[in-house]
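Here the structure comes first, spelled out in structure tokens, and everything after it is commentary.
Predicted, not measured: the structure shown is a model, and the values here were computed from it.
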Amino acid sequence: MSTFPSVEVALDALQARAAELERQLAEARRGGDVEAALDRVWTRALALEHSDETLGVAVAVFDALRELGLPVLQIGLSGRPDKGEAPVWTAGVDADDQPRASHHVMATAGHAVLDAAFAADRADGPAVEPLGRPAFEGYLRASLAPYPASYVDRVVARAPRARTVYAVAVPAGAQQSGPLLALLSAPPSDDVLRTLERFAVLFGLAYARHQDLQRAEAEARTSRIEAAAERVRGEALAMERSGDLDRAAGAVFEGLAALDVPARRATLAVIDPESRETTYWSSADPASPTTAHVATIEGHPFYDALWVAWRRQRSLSYILEGDELNAYRARLGQIRADLLEAHPEGEREYVHAVSSPNGVLVAFSSRPFSEDTVEVMERLTGAFQAAIERADDLRRAEARAREAEIGASVDRVRAEIASMRTADDLDRVTPLVWQELTALGVRFFRCAVLIVDAEAEVLRVYLATPDGQPLAALDLPFGGHPFVDAIVTHWRDQRVLTGTWTPTEVEGWTDFLESHGLDAETARSFADPAEPLALHFAPFAQGLLFVGGRAPLPPDDGAAVQALADALEVAYARYDDFQRLEAQKREVEVALADLRAAQERLVQSEKLASLGQLTAGIAHEIKNPLNFVNNFAALSCELAAELAAELGADAPDRALVDEILDDLRQNAERIEQHGRRADAIVRGMMQHARAGRGERAPADLNALVGEHVNLAYHGRRAQTPDFDAALRFGLDADVGTVEVVAQDLGRVVLNLVTNAFDAVTARAQTEGRDYQPTVRVGTRRAGAAVEITVEDNGTGIPEDVRRRVFEPFYTTKPAGKGTGLGLSMSHDIIEQGHGGSLRVESAEGEGTTFTITLPA
């Protein structure tokens, strides 16, 4: 029996030894697994060919940690912090355990974990922070502080749902990189932390590789990129119509292909910031871009991220895979099924988007985008922005031209109807409208004017032939046909009625017209049984204008039809008053001509008044160059006499003769210089006095402002010798040249400065000696505009007066001292003549500031 305890002890020892051996074997295997995982990640890092493939390293790190059994939900590899932000490459899973990866910018402060992770002393080892759900969401929001709240809300909603998340920040051990950030679903053991530290050090090396690639890529393809961008800019400059933007888009796609951008598909989009609607060009073959299409960027997380990036004017890198890729393909199939071939089903899509103020360039690829590829996209996007702006300018010009065409058509219709005197003349209306619709390029082949007689319950129809001749007029009773009732209902509601009739419906309508008096031959000429008929009824107060064609009218043509309908409304409303108003019209025209003539005289009087203000200043200015001319001329006469005397001597001194000749030449140069100055002053005075509007030309804004301020100042000193005011300049050297009508803008500056002198003079009469009258004139560049300010510390302008200072003929000066047109004309010159603005700010008893804003 005593032997058994020894056996038991031996067995226990054997079991303990076996457990120890098993633990050592597990550690060895674990170490081998970690080494193998590190080798795989390092191999992935060494395989980087482009700097934007670094996201693949993040995915490899996450996959390796998951394979090692670490309870990791997400890892983030961060770059060098800069101004409170750092680039970060994240890989992980969302709330549904679906893989997610992205490259974005994160905040480096605002939460305990972030503060510890990005602290200056990063050598103290990993920092671990257990976070409950509220604290975890706070950490996410702090890390995404640079992004809009709506975007952050979506990220938080998709975050893993673990009750407690352990945030771990591990220093990478390299100055050029940030830490490794890991989110774990369980407390990290020492073994887990050691593993994370090894991967963090590995990422520090990978980030150095990333930076090396960035530097190498930055040195390549500069000239090719510039050439491609120049081609896009060339297409922009060559645009003659807004529709030519297709050619600029094609140049962008050609540039992408020429620069070897590895894109399965590229898309250019012009974005409407209000509706999120885009006009876009997209092609799987960059050399053959499609024409413009319209869609709305919504209905998918990628579109939401793209919208956020564009609103913040940032680039976006995104990975489409799994369910997100399937959802994207479904969404693309709804918009453009023909593009699905560029997105193979089940393959991961790398997406990069570059934003511009008005649009975005998006490229899809089977691999991550390198930094040089991103640079190509950025340069081409910038060049395409110039094309967008050019197209916008052309579109506005085309819209103005279209409006002018429609306005001319409307005027012709109104003028023609104004000449009608009887009800029979209404037969001429429909052919007239037909002619104008044809002139406007509206696509149609049927036209009619319908007048609603609500009292008689009759719809009176005036038809025209395809060549624009009167066809027939007939009355259709209310209730006689369902479509008649639909027409009347839309007329009562003043709503446009549209629709498309099949040939059978057209035939039925023709039968109805025959039954109400339209002869069979005429009715059959109206029908076309082989084609459908698109209907468009534009209402006006007394009826509707009908236009029919093969296809529904585009919005532009619909607007032209409605404009003509509105013209008919006005014309018919005035029809019964033509005879009575004709005589009154002649009287009004005579009175209007007299009024305009009087206004012209007053305006010219105001111009001459400002010229009078200039006279004294110009006299002072011109006196200096004339004094120089006279003095140098007199000196030249003396030198000429000396030269003659020397030349008459028996032995002329050649050195003295040369010296006298050189003095004469210098005197002549100075006489010419000051003569040109006097001539310029006289020309400026003549331009100032000239009636009518001048042409814009580049002008040195500071010189223009300074010259007219000095003229105003010297003019006031000449008129009022005891005038004493400090004149201060603050002219911004960056203002440069601006396209203006120099004499008009000079007149405005002169007017404002003269008013400022009046204000400080008035206050000086009531203040004591401590008051120093001061007028400050400044210029500055403000973005895409320049500003001119005229500030005084005079009497100020009361609120009730300030509201009316720009009204014509309104003046606070004594009778005979002002026309009330100075500020009114200045306001018109700036806003109507130059497309700028003139504002006034004033505090009564303290002073006034006038600010001129001009487009640069």
Side-chain angles (χ1 to χ4, degrees), residues 221-273 277-297 306 310 313 315 332 335-339 341-342 351-365 369 373-403 405 441 443 554-557:
R221 300 199 300 172
T222 301
S223 60
R224 293 178 62 199
I225 294 173
E226 181 57 31
E230 190 60 35
R231 285 195 293 272
V232 178
R233 287 192 287 268
E235 290 292 349
L237 292 174
M239 290 170 59
E240 297 180 355
R241 300 177 298 105
S242 60
D244 291 343
L245 195 58
D246 291 356
R247 294 165 51 188
V252 172
F253 295 132
E254 290 171 3
L256 293 174
L259 293 166
D260 301 322
V261 172
R264 289 172 169 169
R265 178 169 71 90
T267 295
L268 275 168
V270 179
I271 302 178
D272 183 340
E277 190 175 78
T278 67
T279 302
Y280 69 95
W281 298 260
S282 185
S283 177
D285 179 4
S288 302
T290 60
T291 55
H293 296 77
V294 177
T296 303
I297 49 173
L306 179 62
W310 179 76
Q313 286 296 286
S315 296
L332 184 63
I335 303 173
R336 292 285 307 281
D338 58 306
L339 297 177
E341 292 183 2
V351 190
H352 190 79
V354 177
S355 299
S356 71
N358 295 96
V360 64
L361 172 59
V362 185
F364 300 82
S365 177
F369 291 88
T373 296
V374 171
E375 181 184 0
V376 170
M377 294 178 64
E378 290 173 347
R379 295 292 295 278
L380 293 179
T381 303
F384 189 67
Q385 173 64 24
I388 295 173
E389 293 170 357
R390 170 71 173 161
D392 286 343
D393 292 339
L394 292 171
R395 191 174 296 109
R396 285 190 288 270
E398 291 164 356
R400 289 193 295 270
R402 182 65 170 173
E403 289 174 2
E405 290 178 355
R443 294 171 284 278
D556 185 47
D557 287 354

Report summary line: Closest non-hydrogen atoms of A248 and V232, given as atom of the first, atom of the second and distance, are O-CG1, 4.2 Å
Query raised in the report: In Å and rounded to the nearest 0.5 Å, what is the OG1 to CG distance from T373 to L256?
Result: 9.5 Å
Query - Cation-pi, F364 ring and R264 (6.0 angstrom, 45 degrees) - result: no
Requested in this report: Verify salt bridge (charged side-chain N to carboxylate O under 4.0 Å, His left out) between R390 and D393, making sure each step is shown before the conclusion.
Outcome: CA-CA 5 Å; R390 170 71 173 161; D393 292 339; 5.8 Å; no
**Report entry** Interatomic distance, T296 atom OG1 to D272 atom CG [nearest 0.5 angstrom]
**Finding:** 9.5 Å
Requested in this report: Quick one: do W281 and V270 satisfy side chain to side chain contact (heavy atoms under 4.5 Å, CB included)? Show the steps, please.
Outcome: CA-CA 9 Å; W281 298 260; V270 179; 3.9 Å; yes
Requested in this report: May I ask you to decide if A295's main-chain N or O and E277's side chain share a donor-acceptor pair within less than 3.5 Å?
Outcome: no
Query raised in the report: Which pair of non-hydrogen atoms, one from A263 and one from S365, has the smallest distance, and what is that distance?
Result: CA-CB, 4.5 Å
Report summary line: For R231 and G255 the tightest heavy-atom approach is NH2-CA, 4.5 Å
Requested in this report: Provide the closest heavy-atom pair for Q313 versus P357 in the form atom of the first, atom of the second, distance.
Outcome: OE1-N, 3.2 Å
**Report entry** Any side-chain heavy-atom pair of S315 and E378 under 4.5 Å
**Finding:** yes
Query - Pair T267-R336, side chain to side chain contact (heavy atoms under 4.5 Å, CB included): steps then yes or no - result: CA-CA 12 Å; T267 295; R336 292 285 307 281; over 6 Å; no
**Report entry** L361 side chain near F384 side chain, heavy-atom distance below 4.5 Å
**Finding:** no
Query raised in the report: Can you name the one residue among E240, E235, E254 that meets salt bridge (Lys or Arg N to Asp or Glu O under 4.0 Å) with R247?
Result: E235
**Report entry** Heavy-atom closest pair, residues V362 and A353
**Finding:** CG2-CB, 3.9 Å
Query - Over all atoms of both residues, closest heavy-atom pair of I388 and L245 - result: N-CD1, 4.0 Å
Report task. State, with a plain yes or no, whether a side-chain heavy atom of R443 is found less than 4.5 Å away from one of P554. Result -> yes
Report summary line: Rounded to the nearest 0.5 Å, the CZ atom of R233 sits from the CG atom of L380 at a distance of 9.5 Å
